[in-house]
Amino acid sequence: MMRCAAAVGRLLLRSGIQTHKRTCALISSFHGSEVASALNLHTSSILSQVPRMNMAPDVEPNGLNLKTQIVKGDLSSLSPKVQRYLLECVSVCRPDKVYICDGSEEENTELVKQMVEEGMMKKLPKYDNCWLTRTDPADVARVERLTFISTRNKKDTVAQPKPGIKGILGNWMSPEEMEQALSSRFPGCMQGRTMYVIPYSMGPVGSPLSKIGIELTDSPYVVASMRIMTRMGTKILKALGDGDFVKCLHSVGLPLPASRPVINGWPCDPEKVIIAHLPEKNEICSYGSGYGGNSLLGKKCLALRLGSILAQREGWLAEHMLILGITNPEGKKIYVTAAFPSACGKTNLAMLIPSLPGYKMECVGDDIAWLKFDQNGVLRAINPEAGFFGVAPGTSDQSNPNAMAAIQQNTVFTNVAETPDGGFWWEGLEKDIPVDGQELTDWTGKPWTLGCGRPAAHPNSRFCAPLEQCPVVDPLWQDPQGVPISAIIFGGRRPQGVPLIYEAYNWAHGVFIGSGMRSEATAAAEHSGKVIMHDPFAMRPFFGYNFGKYLEHWLSMEQRPAAQLPRIFHVNWFRKDAAGKFIWPGFGENSRVLDWIVRRVNGEDCAVESAAGYLPRPGSINVDGLGEVDMEELFRLPKDFWQEEVEAIGRFYDEQLPEDCPAEMRRQLDQLRERVEKMS
Ligand code: TSX
Ligand code: MN
């Protein structure tokens, strides 16, 4: 039984609290179906039967579990396994109420109404069903340093860095330390609150590529957001049957009555945040933060971190990639995926409006791709998500008209500013929504005017909108088989030396290019200043296991019988000239780069060899109607730059993967070095 118990269940045993011990002993004595039948008898109170059966009267003064009421839904709708997980978490977190979400519109309306009454959400009356949340200013982003993966063997999770060097590819914690960390946070953390039960699917319901999670959370904001970002509700329980699911527990970490002041109606515990992944238990525990990346556990936690582990185990890929359909003027359609570090405009590319006549781009996803070879050796991708959780600032009718159209209704905004007429506003909207001379309310709730010297919206403020509201949503975006992938694009924000596009010589070279990805640092992460940071595969904050093993897994795709490997490309929209100006106009003009990719996929001989990889043959990028662009400068490969790039990648391997770097990656680096040395 110990093996089956959730981590939170086990931590009860160590909590040293008498009443907890008894509850846990009791839980442990049940098998799933017995729990179900015992509880089905009295669905209005989870533990009303249980303590009476087994607990001495002296336990009564605690009493908290006894009062837990199911205020919505029916325990009997949950499988024995889900019931057992719920029971374990209830007995640890001790919520006053349990609310089993059905995912309906009425339910959402009820929760939103409640959030408005409690002051954690307000309507944006300018639009239909749009809402604004302001967080505690101490809870505005993912917290990488507090994100841990706990496994028995450290090397399963992180590569051992060189002595004296700090590993940047993930944080490991021992199971013992983790148990300590969780047991000093979760017991009693939901007192006075409601625990919401969120059954959700990452991927189309019933797709062989999909995974089901159950998130238990005390945040109605999480419920409303998960309803947009995932497939959520009763239908998921039907699809689950009595199957296994990823256990996801989330608490904002402020039991009631609150022991600290609540800021902006946004409860949290920034001092004690932890985002814990327990792959050996198929479990995620997140405490102290309500912010999306920390609290919507299906996204980064399940779909990327645990997902990448499942993918390695099961022979597929869980990647931080957009999925884009491209139809050329002849009507031939391909799909590509693309991985970019933050601040490269990934969401903008995912909804690109092509400037090239006759082209059509359609969006399958803007953030995560799950990729698996089918029986015919075709690599197929699904988007595990059902919505966009996009960075708001910079999104405008100039950068992304499709995103702007997608967020005009049924959208939850977080930490954006509000205009006097009840609309959203952020930096980048100056042209679309002029606010000169008006008094706005900034993301903290304070009066704000243009030019006052503070940002109106938080730089990491977000919109959360249903994917199907995107005007260019792909007709196959929900196809359970996934879409066939012809090319994989890597990219980075590289002001110097890296050409607009180049193509890998082969699969292993492409994996090498992914491993060496670097980009100018971002606002969302906890790093500041303009440094070029390593972000291999755009997965640096999201690897679920040892990056050396991840590279081996990517390399192994070549060994799969009959696998039709996609071509691999690297793009850089952000090269600057000597005067510091962007050389390439970017945005819709990137369709010219995608056109070259499509033609390469179709076998066109329009490439020449270079030290970096295949470059477009001069003149082979369609520049009709483009205007003045220094194409020569855009593709120039400065020898000294590439010598330094080789050194930087070598240093990265030496420092971060001294023992775990696959020999093939070292071989690829040597080959690049040789090609660079031959340059004139
Ligand atoms: O998203 C961007 N893309 C990809 C679009 C599909 N951005 C915004 C990045 C921040 C998230 C870009 N910024 C791109 C780009 O291709 N290129 C640039 C750099 C750039 C910015 C402005 C201009 C040109 C290049 N030109 C003018 O402002 C007139
Ligand atoms: Mn992302």
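Numbering of ligands and ligand atoms starts at 1, following listing order. Worth saying up front: this structure is predicted, and the values here are computed from it rather than measured.
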Check your understanding: Between Phe490 and Trp554, what is the ring plane arrangement, given parallel below 30°, perpendicular above 60°, and tilted in between?
Key -> tilted

Check your understanding: Among side-chain atoms of Asn602 and Glu604, is any donor-acceptor pair under 3.5 angstrom?
Key -> no

Point to revise | Under 3.5 Å side-chain donor-acceptor pair for Asn400 and Thr395 | key: no

Study note, to complete from the structure: One checks the Mn ion (ligand 2) and counts protein N, O or S atoms under 2.8 Å, reaching 3

**Study point:** Atom CD of Glu632 with >12 non-hydrogen neighbours under 6.0 angstrom
**Key:** no

Exercise for review: Tell me yes or no: between the side chains of Asn415 and Thr135, is some donor less than 3.5 Å from an acceptor?
Suggested key: yes

Point to revise | Residue pair Lys211 / Trp316: nearest heavy atoms and the distance that separates them | key: CE-CZ2, 3.9 Å

Point to revise | Where Ser486 and Ile334 come nearest, the two heavy atoms and their spacing | key: OG-CB, 3.8 Å

Pairs under 3.5 Å, nitrogen or oxygen of ligand 1 with protein nitrogen or oxygen:
from	atom 1	to	atom 2	distance (Å)
ligand 1	1 (O)	Asn348	ND2	2.8
ligand 1	16 (O)	Phe587	N	3.0
ligand 1	16 (O)	Asn590	ND2	2.9

**Study point:** Ring centroid separation Phe424 to Phe463 under 6.0 Å
**Key:** no

Point to revise | Pair Ser620-Trp596, side-chain donor/acceptor within less than 3.5 Å | key: yes

